[in-house]
Number of protein chains: 2
Amino acid sequence: MRNNNTTTTMNYFSSDFKLGILGGGQLGKMLLTETRKLDIQTYVLDPSKEAPCQFGATKFFLGSLMDYDTVYQFGKMVDLLTIEIENVNLDALDTLEDEGLKIYPSPKTLRLIQNKGRQKDFYVENDIPSSKHQRFVGINELKKALEKDVLEFPFVWKSAQFGYDGNGVKIVRSTIDLVGLPDVECIAEDMIPFKNELAVIVSRSVSGEVKTYPVVEMEFHPEANQVEYTICPARINETVAQKAQNVALQVSEAYNHIGLLAVEMFQTEDDDILVNEVAPRPHNSGHYSIEASYTSQFEQHIRSILNLPLGSTASKVAGIMVNLVGEEGFSGPVIYENIEEIMKIPGVTPHIYGKRETRPFRKMGHVTIINENMKEARKIAEEVKNSIRVISQI
Amino acid sequence: MRNNNTTTTMNYFSSDFKLGILGGGQLGKMLLTETRKLDIQTYVLDPSKEAPCQFGATKFFLGSLMDYDTVYQFGKMVDLLTIEIENVNLDALDTLEDEGLKIYPSPKTLRLIQNKGRQKDFYVENDIPSSKHQRFVGINELKKALEKDVLEFPFVWKSAQFGYDGNGVKIVRSTIDLVGLPDVECIAEDMIPFKNELAVIVSRSVSGEVKTYPVVEMEFHPEANQVEYTICPARINETVAQKAQNVALQVSEAYNHIGLLAVEMFQTEDDDILVNEVAPRPHNSGHYSIEASYTSQFEQHIRSILNLPLGSTASKVAGIMVNLVGEEGFSGPVIYENIEEIMKIPGVTPHIYGKRETRPFRKMGHVTIINENMKEARKIAEEVKNSIRVISQI
């Protein structure tokens, strides 16, 4: 089926066609909602037997995403391969692609994104606006640069690989902040005083059809400096929104990316747009789309990689997303305290990812708030944030 | 867990709690989308190993829904039981309920609904407006009634049990139409000249919270007398809509029903509302709600039976649903011809139930059309209806 498909249409629905997904976390789980809806067979590979994708896939395979043989063998069983996590064995993907397997996003794109140093270099090469950066092979090289005044405080330290959800990122204001930083390949970025953190999800299909979702805004807690709400549409003026959309499209085109590309950006004090980083897959900043958009980001990813027509990215209503993370001081079997309280409020939908055990700051789910009126949605979001607690049984 | 729960809140989410679902068809499949979203464990029983619910449930069990032992043993494994099909072994449910299992809808309600003769008697007893009917134990008794002029042509013949999707229903205008009718328990109903066929879905939780969805309208093909479109909201005046809502609430209350109750009604030439029949579960007439409503009917069913707060039944946008049924003349591995064409249109979402083989008139899926503007939605629905074909290879 794979190699002799010369027609443009393909029967994916209730057929023998098999979509492989590398990674079985919450993003994979929400992808499976869409593949079930369209009855597309899926094989999922994940190292954890408790992965959220253990249910809903046609077949679930247990195995390392970083092991060449495991990923290669998995790839040989499917007709098309996608990812829900970037940290996968790219050498295996290279071989599979050479042998004719369709892989979206391509291993070439993944390689450019997987390493944050390489990602930043790519922006420079492609005239994509981004903060200034320097790359270091380890912490000692970074310290030497400080000594020689090639690098100056303050800066943002980022681990080049394997960072996620704020791990592997630290604001370094003085020597004392260097204590405890791991000796890994890293980058140092200029600190950008920004007004807003924005994101745009671009979908791009195999045949080159492109659609962008509206600009979303991350609202931070005034003291804790943590994202509290992802808000769609962003409460910014049309000029800035258009600029952000254009930069996101520029990035997607530079990568020649297929599938979803989430582009996180800073809106500076001067209303410049600087790319922070990208994710070549469905993204936390697009979760609101399940309830608020004509087409959810997960359905759009499937449409993109299967070269189906892209769906409308317009919103039906305003949407705000609140992450559900494990509260500090609680570890063990999870309880979602006051979930009944928030479910009383019209337009409030909890998504529970299916992790049995909570840990401090673990991403356990999210809540979407939709409303015809953005102000009302924002008010309800705060009510939700102040009610629900992710804790454990004593 | 089942018998010593005295608190009003219960931890259903990512817990050991198990919801049992009798039946594993498309309604069950769409229920599983919601249980997965909330991470509620589900056990599903169905006689077909190709049932749409074979994926997405925590555990899928193969077995007869009409067999006492099978249903009883299945019930012993779960903490709460619901159905997605009415034809299940009620004696087993009676025993399970006596032994303390929560079953929603209750076997008592199911018994009243399972037999259409009993259902019609119930309307008479409870002053619920419905067409006049007579009950017969078999075809010969019906023929005798015709001979004695106790029954007159034309009338609607209905099999008392096991009818679905138009099976077991026939308009009888003369003796010739009696040929071929099976000798089963049946009813004869007065033919109602109606302007509209309407439906209202009522949700009622364990604690008695009640919410109704907007009135929907079934638009028939002008010649074929087949439902072509389910339209929400119905294009009727507010007085009729209010009357339909009230009748639906009256029916739900009379049954003391818990979960969803879909009430199908006729709007007569004189704008009277007559109940046609009911279904104690998510219903075809509510499929539009997945895309168009603040809370889908499937999530609402889960909320009702778990005694969670009911969600808003308001619509975000206008919704129209088109059933995808197998085309005449085609049997075998299914192909959804032109599915790419309809996916090009903004607001069009296909749902493929996952049946590998099509047969004439088999329900294979549905398509939802949503739009801010009802006239536009209706136009697109026609485009969808005229494009997509459910056929087989060759």
Side-chain angles (χ1 to χ4, degrees), chain A residues 8-16 29-30 32-33 36-40 42 52 55-58 290-292 294-295 299 303 307-312 314 316-317 333-336 338-358 364-365 370 372 393, chain B residues 8-15 29-30 32-33 36-40 42 52 55-58 290-292 294-295 299 303 307-312 314 316-317 333-358 364-365 370 372 393:
Chain A
T8 50
T9 58
M10 171 80 154
N11 184 24
Y12 300 112
F13 315 100
S14 299
S15 78
D16 287 329
K29 182 188 168 187
M30 291 184 268
L32 293 183
T33 302
R36 293 292 299 128
K37 185 172 86 187
L38 295 171
D39 197 47
I40 294 164
T42 46
F55 306 106
T58 309
I290 298 175
E291 282 83 13
Y294 275 83
T295 312
E299 177 175 337
R303 286 178 180 238
N307 206 23
L308 293 164
L310 297 182
S312 164
K316 303 172 202 172
V317 281
V334 65
I335 291 182
Y336 296 91
N338 294 329
I339 191 166
E340 291 89 350
E341 292 308 309
I342 68 164
M343 288 177 85
K344 276 182 193 154
I345 310 168
V348 171
T349 306
H351 290 252
I352 307 296
Y353 296 156
K355 303 167 186 176
R356 305 277 310 241
E357 309 255 321
T358 183
M364 301 294 288
I370 53 169
E372 283 183 15
Q393 290 155 19
Chain B
T8 50
T9 58
M10 172 81 153
N11 183 25
Y12 300 113
F13 314 101
S14 300
S15 78
K29 181 187 168 190
M30 290 184 270
L32 292 183
T33 302
R36 292 293 300 128
K37 185 172 85 186
L38 296 170
D39 196 46
I40 294 165
T42 45
F55 306 107
T58 310
I290 298 175
E291 283 83 11
Y294 275 82
T295 313
E299 178 175 336
R303 286 177 179 238
N307 206 23
L308 292 164
L310 298 181
S312 164
K316 302 173 203 171
V317 281
V334 64
I335 290 182
Y336 296 92
E337 194 179 82
N338 293 329
I339 191 166
E340 289 90 351
E341 293 307 309
I342 68 163
M343 288 176 84
K344 275 182 196 158
I345 311 168
V348 171
T349 306
H351 290 252
I352 306 297
Y353 295 155
K355 303 168 187 177
R356 306 272 316 237
E357 308 255 320
T358 184
M364 302 294 287
I370 54 170
E372 283 184 15
Q393 288 157 18

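In what follows, chains are A, B, ... by sequence order, proteins preceding strands, each numbered from 1.
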_With a 4.5 angstrom heavy-atom cut-off, is it the side chain or the backbone of Glu341(B) that approaches chain A, or both, or neither?_
neither
*How far apart are the closest heavy atoms of Ser312(A) and Pro346(B), and which atoms are they?*
CB-CB, 3.9 Å
*Interface moiety of Glu372(A) toward chain B, non-hydrogen atoms closer than 4.5 Å*: both
*In terms of heavy-atom pairs under 4.5 Å with chain A, which of Ile339(B), Thr295(B), Val334(B) leads?*
Ile339(B)
*Answer yes or no: is there a side-chain heavy-atom contact under 4.5 Å between Val317(A) and Tyr294(B)?*
yes
*With side chains defined as the heavy atoms from C-beta onward, is the minimum distance between Lys37(B) and Thr349(A) less than 4.5 Å?*
yes
*Check whether any side-chain N or O of Arg36(B) sits under 3.5 Å from a backbone N or O of Pro52(A) as a donor-acceptor pair, and report yes or no.*
yes
_Over all atoms of both residues, closest heavy-atom pair of Phe55(B) and Thr58(A)_ = CE2-O, 3.5 Å
*asked:* Nearest 0.5 angstrom please: Leu310(B) CG to Lys344(A) NZ, how far?
replied: 11.5 Å
*By a 4.5 Å heavy-atom criterion (distance strictly below it), what part of Pro350(A) contacts chain B: side chain, backbone, both, or neither?*
both
*Shortest non-hydrogen contact between Val348(A) and Arg303(B), atoms and distance*: O-NH2, 3.3 Å
_Region of Lys29(A) in contact with chain B, defined by heavy-atom distances below 4.5 Å_ = side chain
*How many angstroms lie between CG in Leu38(B) and OH in Tyr336(A), if you round to the nearest 0.5 Å?*
10.5 Å
*Nearest heavy-atom pair of Thr33(B) and Thr33(A): which atoms, and what distance?*
CG2-CG2, 3.6 Å
_Less than 4.5 Å to any heavy atom of chain B: does that hold for the side chain of Ala57(A), its backbone, both, or neither?_
backbone
*chain A heavy atoms under 4.5 Å from Ile370(B): which part of the residue, side chain, backbone, both or neither?*
both
*Rounded to the nearest 0.5 Å, how far apart are CG of Asp39(B) and CZ of Arg356(A)?*
8.0 Å
_Between Ile290(A), Leu308(A), Ile40(A), the one whose heavy-atom pairs under 4.5 Å with chain B are most numerous_ = Leu308(A)
*Less than 4.5 Å apart, any side-chain heavy atom of Pro309(B) and any of Glu340(A)?*
yes
*Pick from Glu357(A), Glu299(A), Glu291(A), Met364(A): which one has the most heavy-atom pairs with chain B under 4.5 Å?*
Glu291(A)
